[in-house]
Novice: 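Sharing a structure below in structure tokens format, with a few things to ask.
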Amino acid sequence: MIRLHTLFVAAALASVCAVTACHTAPTSAQGKSEIVAKSDAAFERAKGHDMNFRNMCSDAVGYAVFPKVTKGAIGVGGAYGKGVLYEGGRAVGYCDLSQATVGAQIGGQTYTEIICFQDQESLRKFKQGKFAFDAQASAVAVDAGASKNAAYRDGVAVYTTNEEGLMAEASIGGQKFSYQPL
């Protein structure tokens, strides 16, 4: 019975994520300019905190910035955030992140997530919606040199910063992304 309930909740969460993913780009001109401004500010803030992050991003062919990802869980969890994809240092489209997890977890938090793409192939996969992280994906905290051991894995490097809230978790899940050109 508990397993059936967990599967039902996970299916409902996946459905919500699928529906919200249809609206990758903000609908108004003001919403579009706000998400670009917030993404620009989040990226600049992260570069100012960590020289290693700045160096890795300067070598990237592109990067996706999600200035505010909101995550919550009680057994079954989810996260969602909207962002901007940059190529050659300029905004080329809007993107969103959906995450579903199952396991021992409780709490909520918000954070910024930045994904650097090492090569055109990883960037192409992201744009085509063929890009997702599994349970083994890990992020490096951008905080005064914490990224000095960061390295690309499968063409991407993931950074998080500005974490707020409290989350205790031992869960499995993954992140899925969608993209819409400007």
Novice: Begin with the C-alpha distance, continue with both residues' side-chain angles, and end with the deciding distance and a verdict on side chain to side chain contact (heavy atoms under 4.5 Å, CB included) for Val156 and Gln118.
Specialist: CA-CA 6 Å; Val156 298; Gln118 182 179 26; over 6 Å; no

Novice: Return each pair, listed once, that meets side-chain hydrogen bond (donor to acceptor under 3.5 Å, both in side chains) where at least one residue sits in residues 29-43; pairs must be two or more places apart or across chains.
Specialist: Gln30-Glu34, Asp40-Tyr86

Novice: Does some side-chain heavy atom of Phe53 sit less than 4.5 Å from a side-chain heavy atom of Ile114?
Specialist: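 Touching, per the 4.5 Å side-chain cut-off.
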
Novice: List, one per line, each side-chain donor-acceptor pair under 3.5 Å for residues 56-66, sequence neighbours excluded.
Specialist:
residue, atom, partner, partner atom, Å
Ser58, OG, Asn55, O, 2.7

Novice: I want to check something: taking the side chain as every heavy atom from C-beta on, are Cys95 and Phe126 in contact at a cut-off of under 4.5 Å?
Specialist: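 Cys95 vs Phe126: side chains touch.
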
Novice: Glu87: which residues meet the side chain to side chain contact (heavy atoms under 4.5 Å, CB included) condition with it, sequence neighbours left out?
Specialist: Val92, Gln120, Leu123, Lys127

Novice: Is there a donor-acceptor pair under 3.5 Å between the side chain of Lys176 and the backbone N or O of Gly129?
Specialist: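 Side chain of Lys176 to backbone of Gly129, a donor-acceptor pair under 3.5 Å: yes, one is there.
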
Novice: What pairs with Arg124 under side chain to side chain donor-acceptor pair (under 3.5 Å), at least two apart in sequence or on another chain?
Specialist: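 Arg124 satisfies side chain to side chain donor-acceptor pair (under 3.5 Å) with Glu121, Gln128 once adjacent residues are dropped.
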
Novice: Restricting to salt bridge (Lys or Arg N to Asp or Glu O under 4.0 Å), what partner residues turn up for Lys68, sequence neighbours left out?
Specialist: none

Novice: Quick check on the hydrophobic clustering: are Phe43 and Leu182 connected, directly or via other members, by side-chain heavy-atom contacts under 4.5 Å?
Specialist: yes

Novice: Can you find a side-chain donor-acceptor pair between Gln105 and Thr101 that sits under 3.5 Å?
Specialist: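 Short answer, yes.
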
Novice: Please find the pair of heavy atoms, one from Gly31 and one from Ser28, that lie closest to each other, and give the distance.
Specialist: N-OG, 2.9 Å

Novice: Does the side chain of Phe177 come within less than 4.5 Å of Asp96's, by heavy atoms?
Specialist: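 In short, these two side chains do not touch, never coming nearer than 4.5 Å.
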
Novice: So which pairs with a foot in residues 88-113 pass ring pair (Phe, Tyr, Trp, His ring centres under 6.0 Å), sequence neighbours left out?
Specialist: none

Novice: Indicate the atoms forming the closest heavy-atom contact of Asn52 with Asp50, along with that distance.
Specialist: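 Asn52 and Asp50 have their closest heavy atoms at N-OD1, 2.9 Å.
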
Novice: Is the closest side-chain heavy-atom distance between Thr110 and Lys71 below 4.5 Å?
Specialist: no

Novice: Is it the case that the side chains of Thr24 and Ser178 hold a donor-acceptor pair, with the cut-off being a distance below 3.5 Å and no angle test?
Specialist: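 Judged by distance alone, the side chains do pair up.
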
Novice: Do Phe117 and Leu85 touch side chain to side chain, with heavy atoms closer than 4.5 Å?
Specialist: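 Side chain of Phe117 against side chain of Leu85, heavy atoms only: contact under 4.5 Å found.
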
Novice: Taking side chain as C-beta onward, heavy atoms only, is Tyr80 less than 4.5 Å from Ser98?
Specialist: yes

Novice: Can Thr160 and Thr112 be said to form a side chain to side chain contact (heavy atoms under 4.5 Å, CB included), step by step?
Specialist: CA-CA 5 Å; Thr160 61; Thr112 297; over 6 Å; no

Novice: Using side chain to side chain contact (heavy atoms under 4.5 Å, CB included), reason through His49 and Arg54 one step at a time and then give a plain yes or no.
Specialist: CA-CA 9 Å; His49 286 334; Arg54 184 182 321 168; over 6 Å; no

Novice: Any side-chain heavy atom of Asp119 sitting closer than 4.5 Å to one from Tyr152?
Specialist: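 Answer no - side chains too far apart.
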
